[in-house]
Amino acid sequence: MTLLDRAQGSAPWTPQSTGPRTEPGPLLPDAAPVRLLGEDAAGSAGTAAGLAPELLRTLHRRLVTGRRFNEQATALAKQGRLAVYPSSTGQEACQIAAAGVLQPTDWLFPSYRDSLAAVARGIDPVEVLTLLRGDAHSGWDPRRNRTAPLATPLATQAPHAVGLARAAALRGERLVALVLMGDGATSEGDFHEALNFAAVLRAPVVFLVQNNGYAISVPLAKQSAAPSLAHKAVGYGLPGRLVDGNDAAAVHQVVGEAVEYARDTGGPVLVEAITYRVDPHTNADDPRRYRSPEEAAAWRDHDPLVLMERHLRAAGLLDEEQRSAAAAEAEALAERMRAAFRTDPRPDPLDLFAHVYAEPTPQLREQEALLRAELAAEAESSGEEHR
Amino acid sequence: MAQALNRALRDALRADPSVHLLGEDVGALGGVFRVTDGLTAEFGEDRCTDTPLAEAGIVGTAVGMAMYGLRPVVELQFDAFAYPAFEQLASHVAKMRNRTAGRLPLPLTVRIPYGGGIGGVEHHGDSSEAYYVHTPGLHVMAPATVEDAYGMLRAAIASDDPVVFLEPKRLYWSKAEWDPEAPAATAPPGRAVLRREGRSAVLIAYGPSVPVCLEAAEAARADGWDLAVLDLRSLVPFDDETVCAAVRRTGRAVVVHESSGFAGVGAEIAARVTERCFHHLEAPVLRVAGFDIPYPPPMLERHHLPGVDRILDAVARLQWESSPSGDPDEGAGRR
Ligand SMILES: Cc1ncc(C[n+]2csc(CCOP(=O)(O)OP(=O)(O)O)c2C)c(N)n1
């Protein structure tokens with residue numbers, strides 16, 4: 001058909017579809033985030049009553065431990081035992097509940113703020129903190145706990161998750177990859193490319209955006225003009241979901257459903273969890289420059305731990321004994337962290353060359369010899385010997 | 001140095017309404033290194049704009065702004081976070097003048113805090129100058145002094161060509177005497193400057209390695225070496241003339257930089273010097289550079305970064321490398 005035909009009003013022109021299209025309806029997120037603890041958006045009583053009490057208690061225990069982890073790591077950063085620590089105080093529910101719904105065979109792709117999610121995957125807290133302590137780039141074996149290293153360049157781990165999930169699908173395995181990232185990361189090209197690839201290649205990936213209001217100093221309003229970050233799913237053809245990120249039960253449910261949807265259908269989901277970064281971006285940041293203390297204070301009443309304890313008490317599920325048991329467990333972890341960080345590690349400088357290539361290049365061997373000689377000279381002049 | 005850069009940006013914004021700043025956290029926060037401190041307050045959000053977090057978007061947007069007559073100054077937060085923008089830099093920023101037969105020059109400055117030595121974790125210590133230097137069409141500058149930080153940034157913004165402006169992170173807090181009311185005149189960008197006179201050899205460096213070389217030159221005096229220190233300041237354009245003059249005077253040269261040595265800037269310099277000054281050389285041009293490894297974690301970075309000792313060892317080698325027997329012991333006593 002030519003333009004002329006159309007002008008003459010012969011056959012009406014319709015765009016030719018070149019492939020299957022998805023109905024937009026189910027892709028759009030609900031207008032209000034899902035809440036289960038306390039009041040929901042409509043003001044009606046919480047619906048978490050239906051959740052197993054044991055699950056709620058477990059979530060509570062993990063929140064208490066997670067909070068303690070954040071406090072202890074922040075203290076270690078202040079003492080100079082960690083080079084830096086990006087705290088997730090106030091955001092614990094997102095990480096703990098999300099990592100908690102994964103099966104052991106699933107994979108987690110965390111970013112730098114997601115230490116708790118890595119711990120929830122069973123990685124030793126001290127190993128989780130080696131990157132931030134500064135002795136190694138990553139402490140753990142990603143294959144053992146199916147957890148990628150903490151990614152610092154924003155959103156760069158998202159396409160990896162897509163590729164890994166696709167590889168597993170191609171091998172006939174039904175695993176899901178969960179990617180964690182922040183609101184700021186959703187502006188990066190890698191985020192958009194990952195969503196598109198996941199949708200087009202049908203990769204079982206759950207993208208969990210922890211919208212904590214700020215990317216360092218930049219508030220969400222300057223980051224995105226979309227009605228919600230979950231809306232970003234729609235244009236790529238995957239479902240978007242919105243959840244109260246401070247409500248551990250709701251995160252458990254919504255991310256749990258997303259993971260099972262991905263597992264069953266082989267397709268991706270984007271979940272936006274609305275939360276708040278109570279602490280500074282890192283211990284090196286000065287939030288007074290870009291937000292009022294009142295703003296952070298206002299969120300303390302909607303703190304994940306407060307929400308959970310309030311709910312458990314109202315439901316008669318939390319007595320003093322349980323509370324102190326949770327606190328004791330958290331304190332034990334903190335003590336373990338303090339003990340582990342009491343002495344500085346002494347990474348071997350020759351390890352600089354250990355993992356650059358499977359087989360070191362001749363140049364690297366030369367450089368290693370140079371460093372070895374330097375270390376020997378240093379040791380001689382300081383009177384000790386290099387091992 | 002951060003203060004001098006801030007002053008340069010402020011003066012440029014005041015002097016020329018077409019100058020616009022954009023980047024991540026450059027507004028209320030004033031940049032993570034506070035280089036843009038107070039600029040949004042003084043000039044408004046249209047002149048100093050917090051952008052969404054997307055380096056390709058920031059540089060690409062700046063390209064369009066420059067195409068339409070503005071002089072954008074972009075801040076990319078850390079060296080290793082500039083890579084998403086590399087496509088824009090290599091494919092468009094560097095080539096627009098050439099692609100349009102000179103009709104669309106891009107007066108655009110891309111500021112990148114770069115280099116290590118501040119104890120930053122992964123992805124916060126890269127030295128990426130070789131990528132930019134290898135991309136024809138980009139100017140590449142790295143100041144080493146507070147005066148240069150001011151003067152060179154003003155010159156970069158005034159330039160009708162794109163400039164990758166590398167700010168040595170570990171010099172941000174250098175406590176040099178500097179009078180912000182009377183910014184000292186600096187040499188024109190594109191010229192290397194001798195920071196220290198010396199007869200026996202010249203240390204050639206730029207950015208964060210310049211103070212290290214000055215320290216090494218001081219230390220080498222005890223061994224009878226009288227070392228000159230040359231600060232390149234600008235890698236593109238490259239000042240062959242001043243470099244060769246210094247090499248001819250001394251007959252010996254060591255190039256120092258902290259980025260990896262293999263196919264690094266030092267290799268280019270050594271080759272040029274050898275081509276141009278071969279008959280004046282009494283020893284091969286040596287390089288002292290970072291190892292050919294990904295930038296290490298903070299606890300190990302001191303072993304990677306070229307320090308005074310590694311420079312002094314190279315200087316000692318200048319002696320025996322030039323001796324007919326090539327016997328290391330012959331020159332060792334002199335170092
Ligand atoms: C590609 C890239 N650009 C810039 C940075 C520097 N940076 C580190 S964290 C951060 C803010 C990220 O905000 P968000 O994604 O919302 O996560 P949050 O820190 O709030 O958890 C920035 C700009 C980076 N890590 N990677």
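Just so it is clear, the structure is predicted and the values come from calculations on it, not from any experiment. Heavy-atom basis, side chains included; hydrogens, waters and symmetry copies ignored.
- Of the two parts of A:P345, the backbone and the side chain both hold a non-hydrogen atom closer than 4.5 Å to a non-hydrogen atom of chain B.
- Looking only at atom types and distance, the side chain of A:D183 has no donor-acceptor partner in the side chain of A:Q223 under 3.5 Å away.
- Remark: B:Y172 OH is packed, more than 12 non-hydrogen atoms of other residues, nucleotides or ligands lying under 6.0 Å away.
- Atom-to-atom distance recorded for A:L229:CG and A:M181:CE is 10.5 Å, nearest 0.5 angstrom.
- Under the 4.0 Å criterion applied to side-chain N and carboxylate O atoms, B:D79 and B:K169 are assigned as salt-bridge partners.
- A cation-pi arrangement is absent between A:R365 and A:F353 under the rule of less than 6.0 angstrom and at most 45 degrees off the ring axis.
- Residue contact with chain B, scored on non-hydrogen atoms closer than 4.5 Å, involves the side chain of A:L154 exclusively.
- For A:E374, the part sitting under 4.5 Å from any heavy atom of chain B is the side chain, from C-beta outward, and nothing else.
- Of the two parts of A:I216, the backbone and the side chain both hold a non-hydrogen atom closer than 4.5 Å to a non-hydrogen atom of chain B.
- Both the backbone and the side chain of A:D286 come within less than 4.5 Å of a heavy atom of chain B.
- Contact annotation for A:R288: neither backbone nor side-chain heavy atoms come within less than 4.5 Å of a heavy atom of chain B.
- Contacts with chain B were tallied for A:A284, A:A83, A:A136, A:A155; A:A136 has the most, counting heavy-atom pairs under 4.5 Å.
- In this structure, the ring of A:Y236 has its center no less than 6.0 angstrom from the ring center of A:F191.
- Of the charged side-chain nitrogens involved, at least one lies within less than 4.0 Å of a carboxylate oxygen, so that A:D285 and A:R277 count as a salt-bridged pair.
- For A:V218, the parts lying under 4.5 angstrom from a heavy atom of chain B are both the backbone and the side chain.
- Residues passing the side-chain hydrogen bond (donor to acceptor under 3.5 Å, both in side chains) test with A:S115: none are found, sequence neighbours excluded.
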Mind running side chain to side chain donor-acceptor pair (under 3.5 Å) on A:S217 and B:D25 for me, showing each step along the way? CA-CA 6 Å; A:S217 71; B:D25 299 292; 2.6 Å; yes

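- Here B:E45 pairs with A:K222 in a salt bridge; the nearest charged N to carboxylate O distance falls below 4.0 Å.
- Taking chain A as the reference chain and counting heavy-atom pairs below 4.5 Å, the highest number among B:E122, B:E24, B:R310 is found for B:E122.
- For chain A, the nearby part of B:Q77 is the side chain; its heavy atoms alone come within less than 4.5 Å.
- Two rings, from B:H304 and B:Y295, have their centers less than 6.0 Å apart.
- Residues from residues 80-92 of chain B that place a non-hydrogen atom less than 4.5 Å from a non-hydrogen atom of chain A comprise B:F81, B:P84, given in numerical order.
- Highest contact tally toward chain A, considering only B:G30, B:G120, B:A28, is held by B:A28 [criterion: heavy-atom pairs under 4.5 Å].
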Test side chain to side chain donor-acceptor pair (under 3.5 Å) on A:Q363 and B:D292; report intermediate values, then the result. CA-CA 8 Å; A:Q363 289 75 25; B:D292 299 319; over 6 Å; no

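- When B:H123, B:E301, B:H124 are compared by the number of non-hydrogen pairs under 4.5 Å with chain A, B:H123 comes out ahead.
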